[in-house]
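One structure is given here, and the rest of the page talks about it.
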Amino acid sequence: MSKLTRFLLLSSTERWLLTSTALLTISIKLSLRFLPFLTVHRLFSSHTAANVTPHPSPHIVATSTVDQWVWAINAVGRHLPGMTCLVQAYALHFVLARCGIRTRLQIGILRSRHGQIEAHAWVEHQGAILIGNLPNLVEYTRLPTLRQAAP
């Protein structure tokens with residue numbers, strides 16, 4: 001079965017979630033590519049930027065769950081090239097903020113056995129890791145968190 005056929009077999013809500021998530025993650029990826037992270041954070045946190053990014057309709061927000069957004073971010077991440085942990089974590093953090101759900105975008109660093117610095121991003125909600133869980137996540141040193149994107 002082709003990817004297009006599988007996409008068309010999804011419900012209209014699932015198709016909307018995937019499409020809006022793809023647009024959002026591409027926007028974040030391009031922004032992070034050309035702008036400093038703090039600029040991207042301010043851009044996506046402002047109400048002006050929120051008007052130009054995909055915004056769920058009230059019906060979709062009311063019927064969509066955290067799990068559905070996590071599913072959409074993971075699905076898009078598997079099918080679009082270059083979707084890093086930071087892009088995926090930031091997209092989930094942003095879209096859930098738009099839905100009025102408070103999360104924590106967490107970025108951590110780890111010095112590898114060879115002395116190299118590794119970074120990783122994940123999203124936490126009510127004590128659970130929604131996206132970006134790794135077996136050795138407890139070994140990462142958490143960087144200070146930024147203020148959440150404004151809904």
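A quick note: this is a predicted structure, and the numbers were derived from the prediction, not measured.
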Exercise. If you look only at pairs with a residue in residues 65-74, which of them pass as a salt bridge (Lys or Arg N to Asp or Glu O under 4.0 Å), with sequence neighbours excluded?
Worked result: none
Seminar exercise, completed: residues 105-119 vs side-chain hydrogen bond (donor to acceptor under 3.5 Å, both in side chains), sequence neighbours excluded, gives Q106-R142
Exercise. Is I107 close to Y140 at the side-chain level, that is, under 4.5 Å between some pair of heavy atoms?
Worked result: no
Seminar exercise, completed: Nearest heavy-atom approach of S31 to L43 is OG-CD2, 4.3 Å
Exercise. Which pairs pass salt bridge (Lys or Arg N to Asp or Glu O under 4.0 Å) with one or both residues in residues 125-135, sequence neighbours excluded?
Worked result: none
Exercise. Are L110 and T141 side-chain neighbours, meaning at least one heavy-atom pair lies under 4.5 Å?
Worked result: no
Exercise. Can you pull the salt bridge (Lys or Arg N to Asp or Glu O under 4.0 Å) pairs that have at least one residue in residues 17-39, sequence neighbours excluded?
Worked result: none
For this session: Nearest 0.5 Å please: distance from the CD1 atom of I73 over to the CG atom of L24.
Result: 6.5 Å
Exercise. side-chain contact (heavy atoms from CB on, under 4.5 Å) with L30: which residues, sequence neighbours excluded?
Worked result: I26, F34
For this session: Specify whether H41 and H93 have parallel, tilted or perpendicular ring planes, treating 30° as the upper limit for parallel and 60° as the lower limit for perpendicular.
Result: parallel
For this session: Return the minimal non-hydrogen interatomic distance between V87 and T25, and the atom names on each side.
Result: CG1-O, 3.6 Å
Exercise. Are the side chain of Q88 and the backbone N or O of C85 linked by a donor-acceptor pair below 3.5 Å?
Worked result: no
Problem set entry | L86 vs F37 side-chain heavy atoms within contact, under 4.5 Å | yes
Seminar exercise, completed: side-chain contact (heavy atoms from CB on, under 4.5 Å) filter on R78, not counting sequence neighbours, yields N74, A75
Exercise. Backbone N or O of L17 within a donor-acceptor pair of the S20 side chain at under 3.5 Å?
Worked result: yes
Exercise. Less than 4.5 Å apart, any side-chain heavy atom of V66 and any of L96?
Worked result: yes
N/O donor-acceptor pairs under 3.5 Å from side chains in residues 125-139, not counting sequence neighbours:
from, atom 1, to, atom 2, distance (Å)
H125, ND1, R102, O, 2.9

Problem set entry | Shortest non-hydrogen contact from I28 toward A91 | CD1-CA, 3.5 Å
Seminar exercise, completed: Taking every heavy atom of Y90 against every heavy atom of L105, the minimum-distance pair comes out as CD1-CD2, 3.2 Å
Exercise. Are E124 and W122 close enough that a side-chain donor and a side-chain acceptor fall under 3.5 Å?
Worked result: yes
Exercise. Between T39 and L35, is there a donor-acceptor pair closer than 3.5 Å when you use the side chain of the first and the backbone of the second?
Worked result: no
